[in-house]
Amino acid sequence: MAPEKKDKKETTPVPTTGIYIFPNGDQYEGEYRQLSDGTIERHGEGEQRTVEGLVYAGSWQEDKMTGDGRLEHPSGSVFEGDFKNNQFHGRGTYTWPNGSFYSGPFVENRIEGEGEFTDTEGQVWVGTFRHKAAPGLKFKLNL
């Protein structure tokens, strides 16, 4: 009689909530899971703070910023919107330290598509944006 085979079940890591401090001093507070090899993977909602002052608060999937979130740079720049694999990807608003901002689509960290740019005077410019170029922008009148 042949030995009985045991079914090997894949076990999904159990989500946990807590605080994790990385060796470099960065801190994560939120949902994570411990993988079978003992490593910690950010997964769910949480906030990451770096020692340099970068702060991300939002969704994580498999240790990457993915989903809705807010990223604040020490310079004062802020991105709020959709992330995918640690990049701005989807709809969002990027605000520069001087107060000007762009709202619209992003593709892999680049401004791409129909959007609006509001300058430091509060004037709104609309049109098609392609990374750093935006030929043919039109001034939006709010009458």
Side-chain angles (χ1 to χ4, degrees), residues 4-143:
E4 202 174 297
K5 287 187 178 180
K6 292 183 181 177
D7 287 336
K8 214 177 192 184
K9 290 184 180 179
E10 281 288 321
T11 57
T12 304
V14 177
T16 306
T17 301
I19 298 173
Y20 182 81
I21 299 174
F22 294 88
N24 68 354
D26 291 356
Q27 180 177 313
Y28 175 76
E29 182 172 357
E31 297 173 302
Y32 65 91
R33 55 192 186 182
Q34 189 167 10
L35 303 178
S36 60
D37 65 0
T39 60
I40 300 293
E41 178 179 83
R42 295 165 290 191
H43 194 84
E45 295 298 312
E47 181 177 282
Q48 172 87 24
R49 293 180 172 273
T50 69
V51 292
E52 292 86 16
L54 190 72
V55 179
Y56 172 76
S59 297
W60 295 85
Q61 283 186 5
E62 297 176 351
D63 218 34
K64 293 184 178 158
M65 297 178 290
T66 299
D68 189 46
R70 177 182 171 92
L71 181 65
E72 300 174 23
H73 293 269
S75 68
S77 295
V78 175
F79 176 81
E80 197 161 4
D82 299 326
F83 287 81
K84 184 177 179 183
N85 294 323
N86 290 335
Q87 295 182 330
F88 310 151
H89 194 84
R91 295 208 57 86
T93 300
Y94 188 94
T95 305
W96 283 269
N98 67 6
S100 62
F101 62 93
Y102 164 83
S103 291
F106 288 78
V107 176
E108 296 177 347
N109 281 343
R110 293 184 317 274
I111 295 171
E112 290 285 336
E114 294 295 317
E116 293 186 353
F117 174 77
T118 304
D119 64 23
T120 57
E121 303 297 317
Q123 300 175 101
V124 180
W125 301 87
V126 297
T128 303
F129 292 79
R130 297 281 178 249
H131 192 41
K132 293 182 180 179
L137 284 184
K138 294 182 178 28
F139 182 68
K140 182 177 177 181
L141 293 174
N142 292 320
L143 299 176

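Along the sequence shown, the residues carry numbers beginning at 1.
Remark: Tyr32 pairs with Thr16, Tyr28, Ile40 by the side chain to side chain contact (heavy atoms under 4.5 Å, CB included) rule, at least two apart or across chains. Remark: Asp119 engages Gln123, Trp125 in a side chain to side chain donor-acceptor pair (under 3.5 Å) (not counting sequence neighbours). In this view, Thr95 satisfies the side chain to side chain donor-acceptor pair (under 3.5 Å) rule with no residue, not counting sequence neighbours. For Phe129, the ring-ring contact (aromatic ring centres under 6.0 Å, His included) partners two or more places apart in sequence, or in a different chain, are Tyr102. Not counting sequence neighbours, the partners of Pro97 by the side chain to side chain contact (heavy atoms under 4.5 Å, CB included) test are Ser75, Ser77. In this view, Thr118 satisfies the side chain to side chain donor-acceptor pair (under 3.5 Å) rule with no residue, not counting sequence neighbours. Residues satisfying the side chain to side chain donor-acceptor pair (under 3.5 Å) criterion with Glu29, sequence neighbours excluded, are absent altogether. Considering only residues two or more places apart in sequence or on other chains, Asp63 meets the salt bridge (Lys or Arg N to Asp or Glu O under 4.0 Å) condition with Arg42. By the side chain to side chain contact (heavy atoms under 4.5 Å, CB included) test, Thr17 pairs with Glu31, sequence neighbours left out. Among residues two or more places apart in sequence or in another chain, the side chain to side chain contact (heavy atoms under 4.5 Å, CB included) test is passed with Ser100 by Trp96, Asn98, Phe117, Thr120.
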Item to check | Steps toward side chain to side chain contact (heavy atoms under 4.5 Å, CB included) verdict (Gln61, Glu41) | outcome: CA-CA 8 Å; Gln61 283 186 5; Glu41 178 179 83; over 6 Å; no
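Nearest heavy-atom pair, Asp26 versus Asn24, reported as atom, atom and distance to 0.1 Å: N-OD1, 2.9 Å. Here the closest non-hydrogen pair linking Pro105 and Gly113 is CG-CA, 3.8 Å.
The shortest distance between side-chain heavy atoms of Glu108 and Arg110 falls below 4.5 Å. Side-chain contact between His73 and Leu54 is present, with at least one heavy-atom pair separated by less than 4.5 Å. Counting heavy atoms from C-beta outward, Ile111 and Phe106 have side chains that approach closer than 4.5 Å. Counting only heavy atoms from C-beta outward, the side chains of Val55 and Leu71 never approach each other to under 4.5 Å.
Interatomic distance, Phe22 CZ to Gln48 CD, rounded to the nearest 0.5 Å: 4.5 Å.
Ser59 and Glu45 are linked by a side-chain donor-acceptor pair at a separation below 3.5 angstrom, with hydrogens and angles left out of the test.
No option in Phe88, Phe79, Phe83 other than Phe83 meets the ring-ring contact (aromatic ring centres under 6.0 Å, His included) test with Tyr56.
Sorted by first and then second residue, the pairs that involve residues 46-55 and meet salt bridge (Lys or Arg N to Asp or Glu O under 4.0 Å), not counting sequence neighbours, are Glu47-Arg49. Note on residues 79-91: pairs passing side chain to side chain donor-acceptor pair (under 3.5 Å), not counting sequence neighbours, are Arg70-Glu80.
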